[in-house]
Novice: 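What follows is a structure written as structure tokens; I'll ask about it next.
Just so we're on the same page: letters track the sequence lines, and every chain starts at 1.
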Amino acid sequence: MKTLLDGLNEAQRTAVMAPLGPVLILAGPGSGKTRVLTTRVAYLMQEMNVDPWHILAVTFTNKAAKEMRHRVESLLGDQPRGLTMGTFHATCVRILRRETDNLQYYDRDFVIFDSSDQLQVVKQALKVLNLDDKKFPPNKMLNGISNAKNELITPAMYAASNYISEITRRVYSEYQLLLQSNNAMDFDDLLMNAVLLFEERPDILGKYQKRYEHILVDEFQDTNTTQYTLIKMLAARHENLFVVGDSDQSIYKWRGADFRNIQRFREQYPEAQLILLEQNYRSTQIILDAAKAVIRPNLNRVHKELFTVRQGGVPIVVREAYNEHEEAETILDSVESLMVEGYSGGDVAIMYRTNAQSRVLEETFLRAGMPYRLVGATAFYRRREVKDIIAYLRLVHNPADAVSFNRILNVPPRGIGAKTRQGLLDWAGNQYWQPAGALIRMATDPEVQHPFSGRALNALSRFGNMLSAWINLRDKVAVSDLLDVILEQTSYRDYLDDGTTEGEDRWENVMEFRGAAGEEADISLSAFLEQVALVSEADNLEETPNATTLLTLHAAKGLEFPIVFLTGLEDGLLPHSRSLDDGEELAEERRLLYVGITRAKDRVYLSHAFRRTFYGDSSVSVPSRFLNDIPQELTEGGSPSIRRRQSKKRISSWPGSSSGRQESSRRSTSANQYSEWSRPSSERSSGKPSAKSRDLDGDTLDETVRRPPGKPQFRSGLQVRHSRFGEGTVIESKLTGNDEEVTVAFPSSGIKRLAASFAGLEIIE
DNA sequence: GGATCTCATGTTTTT
DNA sequence: CATGAGATCC
């Protein structure tokens, strides 16, 4: 008892010990909401003698679920048996799998379709309905479908008010039929079908209501209507509903999340206890004040008076860079200064609104040899080769999965072209067979009548036999063994091996995937596929020591870092251009910035660029309107106009540049003019070896910048030496801006494209 | 049937 | 600019 509540503040204690019934916790950033949630779970068990079997705790991400599990375990000493703790989706899948006998259109082996599978199904639906996918873009349709499902609107309920929504209704309807015939559900279905099942079958609902006496929900502001309804239904019997949220951190409106569910909760449970967690344990007062100033203009907020014991703090640094390259360089310089101060690169996070912005940052860090980790780059499970392999496994598991079937029918190429494919689909359709089933019958049963002959027949039979053999093998061997057989028989490696490093990388990804299958020795194919569908690899993102984290603002939610750089604070980027004409969306952009600022413990750097390149061409940007909301006494870097003037001054000092030859700006600026920005300046001026060594020495630098265009230093065939890659041969060299881009083949590291001014290439005879 | 090219497209993306 | 899907060519 004492240990459970130890170290909790007044409000947190009140929350943990709140009497049964509905409880709403409004938790500011850094106020220890996860702690409250986990302690409450432990409290229920330890102090209220609740059997863990009767507790359901839901989160949005696997990561959050894992964290909670971990913390409950450390509070109690061991893992409570029977406790249900997981994401909304995982919880629903568990229920649906258990109840497959009661599902009308699905059997036990149903699979989960991800967004690319969904897109294929939408395209197929459009085809079936004879609709033009130019006029009705599949992803727009999919969006409409997803929105409907988030709102718990079935095709039958879908009210069409205009032409486009009528089309959406039809596509939605067809789409659902196709999913059912594939024995597949999309992510939204997992939630919606659970609710629909409960609506149709009060007896089944009753079973779960009885079981889940206590329900706890994390990030409640992110629930959509379907999730809200699910929770409400499950809690209807006991009404022990403990929800934690912060509407100021609602940043997933575009995914159907509706923070007004918090308001709805208050209305529907008027007796609910309301507890505010206002003490922030993370940030300095200055950071918190800046965050509050940013969020204040949003309307209809439940006022929270956030405070922290970390009085004072370092002022927020606001600065303007000439362009995105300089922005990145400046950040890099600051990170290096911070390292001199004793911070580690791993204490730093750099956040941005759009993924595209990560590129320049990456390049800059890469060139400097500074370690970084990129959160949420192209998801592993979404890579083509990995998806192929998953499609094989999914098809073996669920031969009704026509999407996977179509994906791999001729991958690797096995001589089944478009004509043969269509023939197969038509023939199978006429027999009311699924394509994979038809193929297997054709290949294994000589009695079956079919329209194929010659080469087509040969190719189809070969594949049909393989598929049939895999299905027979399915329950007899481990997933990894099954995978090996498939890879072997399809010669998948040869298919990927096109002699490029990319091909090798792809094969490595396949092997990594195989490794994941091998790790779980006894996992069934079904469980493995489910895990692959519902668990993103971001959940097991390993901690790279000392690496600076690069991530989107969305990805940053729930994390904290001593140092946070927020980049691209420009109108059109943050707030994003697509949100400028909509008050609600603008408010969400504001919350996004709020989330970003509140991730920081010690220091925040806000930067914007004078020019930024979008889709190839560069244009002048306006500093984010949100910057005006941060009181100047909290910042360092002067008013916007002062920053702009300084920025202009620096630009005019550039050698022969008025229009921003960005390419050359990086080095020429990093070491000198900007030192005033790097904090603290004393340490900056003392110099730092690593910063120096990265730079070329002064002479070379000047030469690079001043060299008139049109005279490359390098030409094809030249032998060069690079400090890291060793000796190599120049393949080509071309001038870009004021720099020279040299493509070099290194026997040891492959082909690299290098900027001459940074690479420090040495010409050897 | 497979490779190559062109053209449209581009916010965020917990599951 | 950079990517990917679809059309077109061989």
Novice: Do the side-chain N or O atoms of Thr420(A) get closer than 4.0 angstrom to the phosphate oxygens (OP1, OP2) of dG1(B)?
Specialist: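 Looking at the OP1 and OP2 atoms of dG1(B), one of them is under 4.0 Å from a side-chain N or O of Thr420(A).
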Novice: Looking only at the side chain of Arg578(A) (C-beta and beyond, no hydrogens), which of the listed nucleotides dT11(B), dT15(B), dA2(C) gets closest?
Specialist: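 Output: dT11(B).
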Novice: Between Thr549(A) and Arg373(A), is any side-chain donor less than 3.5 angstrom from a side-chain acceptor?
Specialist: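 Yes, a side-chain donor-acceptor pair sits under 3.5 Å.
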Novice: Under 4.0 angstrom, heavy atoms only, what part of the nucleic acid is Asn410(A) near: base, sugar-phosphate, or nothing?
Specialist: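 It contacts sugar-phosphate atoms only.
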Novice: Would you kindly give the CG-to-P distance between Asp133(A) and dG4(C), to the nearest whole Å?
Specialist: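 Nearest whole value for this atom pair: 19 Å.
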Novice: Can the positive tip of Arg599(A) be found less than 6.0 Å from the middle of the six-membered ring of Phe561(A), inside 45° of the ring normal?
Specialist: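 Arg599(A) over Phe561(A) ring: no.
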Novice: How long is the line joining CG of Leu592(A) and P of dT14(B), in whole Å?
Specialist: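 Rounded to the whole Å, the gap is 14 Å.
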Novice: Just to verify, which of Ile145(A), Val128(A), Leu126(A), Leu129(A) counts as forming a side-chain contact (heavy atoms from CB on, under 4.5 Å) with Tyr175(A)?
Specialist: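 With Tyr175(A) as partner, Ile145(A), Val128(A), Leu126(A), Leu129(A) yield a single side-chain contact (heavy atoms from CB on, under 4.5 Å), made by Ile145(A).
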Novice: Can you find a side chain N or O atom of Arg455(A) that sits less than 4.0 Å from OP1 or OP2 on dG1(B)?
Specialist: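 Checking dG1(B) against Arg455(A), no side-chain N or O comes under 4.0 Å of OP1 or OP2.
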Novice: Looking only at side chains, do Gln221(A) and Asp246(A) share a donor and an acceptor under 3.5 Å apart?
Specialist: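 Result is no, nothing qualifies.
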Novice: Identify whether a stacking contact exists between Phe88(A) and dT15(B), where the ring centres must be under 5.5 Å apart and the planes under 30° apart.
Specialist: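 Phe88(A) vs dT15(B): stacking no.
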Novice: Using a 4.0 Å heavy-atom cut-off, does Arg421(A) contact any base of the nucleic acid, only the sugar-phosphate backbone, or nothing at all?
Specialist: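 If one applies the 4.0 Å heavy-atom cut-off, Arg421(A) turns out to touch nothing in the nucleic acid.
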Novice: Under 4.0 Å from OP1 or OP2 of dT12(B): is there any side-chain N or O of Asn355(A) that close?
Specialist: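 For Asn355(A), the contact criterion (side-chain N or O under 4.0 Å from OP1 or OP2 of dT12(B)) is met.
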Novice: Distance only, no hydrogens: is a donor on one side chain within 3.5 Å (strictly under) of an acceptor on the other, for Gln422(A) and Asp426(A)?
Specialist: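 Per modelled atom types, Gln422(A) and Asp426(A) side chains form a pair under 3.5 Å.
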Novice: What contact category does Ala64(A) fall into here, base, sugar-phosphate, or nothing, at under 4.0 angstrom with non-hydrogen atoms?
Specialist: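 It contacts nothing in the nucleic acid.
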Novice: Using a heavy-atom cut-off of 4.0 Å across all strands, would you classify Ser577(A) as base, sugar-phosphate, or nothing?
Specialist: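 If one applies the 4.0 Å heavy-atom cut-off, Ser577(A) turns out to touch nothing in the nucleic acid.
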Novice: By nearest atom, which of the nucleotides dT15(B), dT14(B), dT11(B) is closest to the Tyr252(A) side chain?
Specialist: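 Nearest nucleotide to the side chain: dT14(B).
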Novice: Rounded off to whole Å, could you give me the CD1-to-P distance for the Ile251(A) and dT12(B) pair?
Specialist: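 Distance check: Ile251(A) CD1 to dT12(B) P gives 13 Å.
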Novice: Report the distance from atom CG of Leu580(A) to atom P of dT12(B), rounded to the nearest whole Å.
Specialist: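 Roughly 16 Å, once rounded to whole Å.
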Novice: Taking the ring of Tyr208(A) and the ring of Phe198(A), is the distance between their centroids below 6.0 Å?
Specialist: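 For Phe198(A) and Tyr208(A), the ring centres are under 6.0 Å apart.
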Novice: What integer distance in Å separates Leu553(A):CG from dT14(B):C1'?
Specialist: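 Distance check: Leu553(A) CG to dT14(B) C1' gives 15 Å.
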Novice: Looking only at side-chain N and O atoms, does Lys123(A) come under 4.0 Å of OP1 or OP2 in dG6(C)?
Specialist: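 Result: yes.
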Novice: Starting at the 5' end of DNA chain B, which residue's closest nucleotide do you reach first, Phe187(A) or Lys419(A)?
Specialist: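 The 5'-side residue here is Lys419(A).
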Novice: Please tell me which of the listed nucleotides, dT12(B), dT14(B), dG2(B), lies nearest to the side chain of Thr552(A)?
Specialist: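 Closest nucleotide among those given: dT12(B).
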Novice: Decide, applying a 5.5 Å centre-distance limit and a 30° plane-angle limit (both strict), whether His576(A) stacks on dT11(B).
Specialist: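 Stacking between His576(A) and dT11(B): present.
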Novice: I need the CZ-P distance between Arg384(A) and dT3(C), as an integer number of Å.
Specialist: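 Interatomic distance, CZ of Arg384(A) to P of dT3(C): 12 Å.
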Novice: Under 6.0 Å between ring centres: does that hold for His89(A) and Phe60(A)?
Specialist: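 Ring centres of Phe60(A) and His89(A) not closer than 6.0 Å.
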Novice: Arg612(A) has an atom CZ; how far is it from atom C1' of dT11(B), in whole Å?
Specialist: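 Computing the Arg612(A):CZ to dT11(B):C1' distance gives 14 Å.
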Novice: Heavy atoms from C-beta onward define the side chain here; which of dG10(B), dT15(B), dT13(B) lies closest to that of Tyr615(A)?
Specialist: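 Output: dG10(B).
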Novice: Within the modelled atom types, does a donor on one side and an acceptor on the other bring the side chain of Arg353(A) and the base of dT12(B) under 3.5 Å apart?
Specialist: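 In this structure, the two groups form a donor-acceptor pair.
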Novice: On DNA chain B, check which nucleotide each of Glu219(A) and Lys140(A) is closest to and give me the residue with the more 5' one.
Specialist: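 Nearest nucleotide further toward 5': that of Lys140(A).
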Novice: Looking at the base of dT12(B), is there any donor atom on it, or on the side chain of Arg255(A), that sits under 3.5 Å from an acceptor on the other one?
Specialist: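 Answer is no: no donor-acceptor pair is held.
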Novice: Among the candidates dT14(B), dG2(B), dA5(C), find the nucleotide nearest to the side-chain atoms of Pro413(A).
Specialist: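 Between dT14(B), dG2(B), dA5(C), the one nearest the side chain of Pro413(A) would be dG2(B).
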Novice: Between Lys134(A) (NZ) and dT9(B) (C1'), how many Å, whole number?
Specialist: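 Spelled out: NZ on Lys134(A) to C1' on dT9(B) is 13 Å.
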